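Written out below as structure tokens is the structure these notes cover.
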Number of protein chains: 2
Amino acid sequence: MSNAYDHNAAILVAVDCTILGFGDGKLKLLLFKRRVEPFKGQWSLIGSFVKPKEGVLEAATRVLKDYTGLQNVFLEELSYFGNPDRDPGGRVITLAHYALMRIGEQDEQLVEKYNAQWFEVDKLPDLVLDHRRIVEKALEKLRRKARYRPIGFELLPQKFTIPQLKSLYDAIHQKNLDRRNFRKKILSMDIIEKLDEKDKTGSKKGAFLYQFNREKYDALVARGVNFEL
Amino acid sequence: MSNAYDHNAAILVAVDCTILGFGDGKLKLLLFKRRVEPFKGQWSLIGSFVKPKEGVLEAATRVLKDYTGLQNVFLEELSYFGNPDRDPGGRVITLAHYALMRIGEQDEQLVEKYNAQWFEVDKLPDLVLDHRRIVEKALEKLRRKARYRPIGFELLPQKFTIPQLKSLYDAIHQKNLDRRNFRKKILSMDIIEKLDEKDKTGSKKGAFLYQFNREKYDALVARGVNFEL
DNA sequence: CCAAAAGTGTTATCGCTACACCCATGA
DNA sequence: TCATGGGTGTAGCGATAACACTTTTGG
């Protein structure tokens, strides 16, 4: 490799992915057993070095696919973590990302192969390096983002009930919203459609399933509508 | 240099700073003549490679100080730009930042030395590499940030009038707010204090100068108050 | 004296909050 | 039949939006 800037010191650049999901009324994080020294065997986010001819987001997408089998999930830049001594293995700057996915959609064989496991975000084990801080920042960002973008839908199954949706927002914002007001506001946005089916796993009576209207949803996102709840 | 990850390819990492200011009712950007090949002599953001033992934010702070003489200005991470072919001079990932400062406070000798110049953000010259996109992203971020943080104060002189403050928000949000409602809302936040002086540059009658109360301002920021206008 | 910007107050509307009762059903 | 969660409507309040006239003063 040769280029015009060779006199400058090169640094290792990695990407890491914070994978968030939602189940049983809780926000969850998918963790993996680290497979390289140092700290081999401890819980970790997934990551990889960025390859010389690969874009950064491309690298994050690759990592996500390699470890979960999933493409086309919500994946976005989070922040850099570039402290010179953050990694005793060497000077590595990591570009942290966060992904939102539906629990259960990931490839089970891969999950097993890599010893992956979902943890509730408020019951996390110790993580390697500064991954704990990365996760905290991802949660902050999720909370902020959920205020101006209906990001929650990325975390629910295609068909969901309104109580499920409310419980997701409760988990994200760590508060307990009013059922009636929540329903009113969501319905007034006109982005979800009622189906004829009911989901009976949550109650005897059963709750109607909804799905969201992708077009209206995208239009809303594009307009940058306020999504405070 | 030797470390546990040596088998991986190292990449050059840079920081760039988008410097925004406000004057004459317009948002402005401080640009510099690039001093290295390729594209030497063209308009550019300022930047530098991150040194081996230097943190990333530290590098951005250093750059800002070296080119403007200023420390303690608002400086924050923006985004990475990591396309493998974004820079024909080599594979460089840049970690873009944005800074907000008061026009006129920068060191004039340095500005002259580096051929720096303020441009209105909607009348920018061509910029090197992908710096145009970086600037656009910085403006988006500023607009978004200004909604939940009274960020505007970083851009005004210590003493300012309410019409000036309104004109700043008009410039940021590209709309023309109602004078009376603006005044009412700002004053209701109880973060600015009226002084006995008037500024007569804007009108014959003159407008009272205000300064903001740092403590109340910080408390508001910490509480994460809504700042929609 | 007049042009130009600064300063002020009220009203109507909208959205949010709070809150209580009936419904459907499986056990 | 009853316990459990699902579904609905309304009234009060606070914030926002719309809007017009008076004040000051340099030229």
Side-chain angles (χ1 to χ4, degrees), chain A residues 23-26 146-148 150 156-157 159-171 173-211 220 223-229, chain B residues 23-26 146-148 150 156-157 159-171 173-211 220 223-229:
Chain A
D24 309 319
K26 309 273 186 186
R147 291 187 185 186
Y148 62 89
L156 288 174
K159 299 175 181 181
F160 55 87
T161 67
I162 291 186
Q164 274 167 14
L165 184 58
K166 169 178 134 52
S167 128
L168 169 60
Y169 275 88
D170 283 347
H173 290 128
Q174 298 169 300
K175 58 184 174 184
N176 194 6
L177 303 162
D178 181 272
R179 288 195 342 273
R180 293 157 289 197
N181 295 337
F182 180 84
R183 176 181 295 268
K184 214 182 310 175
K185 174 122 191 197
I186 286 290
L187 290 174
S188 77
M189 291 180 187
D190 191 33
I191 51 175
I192 62 176
E193 291 166 351
K194 193 174 187 173
L195 301 174
D196 274 338
E197 310 164 63
K198 277 194 166 188
D199 171 84
K200 296 221 168 189
T201 58
S203 72
K204 331 250 171 164
K205 181 178 179 181
F208 279 102
L209 287 164
Y210 287 75
Q211 65 186 8
L220 198 74
R223 265 170 45 224
V225 165
N226 180 16
F227 213 76
E228 300 256 0
L229 286 170
Chain B
D24 309 319
K26 309 274 185 186
R147 290 187 185 184
Y148 61 87
L156 288 175
K159 299 177 181 180
F160 54 89
T161 67
I162 291 185
Q164 274 167 15
L165 184 58
K166 169 177 136 49
S167 129
L168 169 60
Y169 276 88
D170 283 348
H173 290 127
Q174 298 170 299
K175 58 183 173 184
N176 194 5
L177 302 162
D178 182 272
R179 291 197 338 274
R180 292 158 287 197
N181 293 336
F182 180 85
R183 178 182 294 267
K184 212 181 308 174
K185 175 122 188 198
I186 286 290
L187 289 174
S188 78
M189 290 179 186
D190 191 33
I191 50 176
I192 63 176
E193 291 167 350
K194 192 174 187 174
L195 301 175
D196 274 336
E197 307 164 65
K198 277 195 167 188
D199 171 83
K200 296 220 169 190
T201 58
S203 71
K204 330 251 171 160
K205 182 177 177 183
F208 278 103
L209 286 164
Y210 286 76
Q211 64 187 8
L220 198 75
R223 264 168 48 223
V225 165
N226 181 14
F227 213 75
E228 299 256 359
L229 285 171

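So that the names make sense, note that chain A is the first sequence line, chain B the second, and so on, each numbered from 1. Keep in mind it's a predicted model, so treat the numbers as computed, not measured. Values below: all heavy atoms of this structure, side chains included; hydrogens, waters and symmetry mates excluded.
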Discussion item. For a quick check of understanding: with a heavy-atom distance under 4.0 Å over all strands, which category does K185(A) fall into, base, sugar-phosphate or nothing?
Written reply: sugar-phosphate
Is any side-chain N or O of [X] under 3.5 Å from a base N or O of [N], one able to act as donor and the other as acceptor?
X: K175(A); N: dT17(C); answer: no
X: K198(A); N: dT25(C); answer: no
X: R180(B); N: dA20(D); answer: yes

Discussion item. Both R179(A) and K204(A) contact DNA chain C. Taking the nearest nucleotide for each, which residue is further toward the 5' end?
Written reply: R179(A)
Fill in: Upstream residue (5' side of DNA chain C) when Q164(B) and N181(B) are each assigned their closest nucleotide
Q164(B)
Whole-Å distance between [N] [atom2] and [X] [atom1]?
X: L187(A); N: dG6(D); atom1: CG; atom2: P; value: 15 Å
X: D178(A); N: dG7(D); atom1: CG; atom2: P; value: 14 Å
X: F182(B); N: dA6(C); atom1: CZ; atom2: P; value: 12 Å
X: I186(A); N: dG6(D); atom1: CD1; atom2: C1'; value: 17 Å
X: F208(B); N: dA5(C); atom1: CZ; atom2: P; value: 19 Å
X: L177(A); N: dA18(C); atom1: CG; atom2: C1'; value: 13 Å
X: F227(B); N: dT16(D); atom1: CZ; atom2: P; value: 12 Å
X: F160(B); N: dA6(C); atom1: CZ; atom2: P; value: 15 Å

Practice prompt. Scan E197(B), Q164(B), Q211(B) and name whichever one has a side chain to side chain donor-acceptor pair (under 3.5 Å) with K159(B).
Written response: E197(B)
Worksheet item: Should D178(A) and R183(A) count as side-chain neighbours, where that means a heavy-atom distance under 4.5 Å?
Response: no
Practice prompt. Find out whether Y210(A) and L156(A) are in side-chain contact, i.e. whether some heavy atom of one side chain is under 4.5 Å from a heavy atom of the other.
Written response: no
Would you indicate, yes or no, if [N] has its OP1 or OP2 atom less than 4.0 angstrom from a side-chain nitrogen or oxygen of [X]?
X: K200(A); N: dG26(C); answer: yes
X: R183(A); N: dG7(D); answer: yes
X: K205(B); N: dA4(C); answer: no

Discussion item. Please check this pair: side chain of D170(B) against backbone of L177(B), looking for a donor-acceptor N/O pair closer than 3.5 Å.
Written reply: yes
Practice prompt. Take K194(A) and G202(A), find for each the nucleotide of DNA chain D with the closest heavy atom, and name the residue whose nucleotide sits nearer the 5' end.
Written response: G202(A)
Response to the item:
Taking every heavy atom of F227(B) against every heavy atom of P150(B), the minimum-distance pair comes out as CZ-CB, 3.2 Å
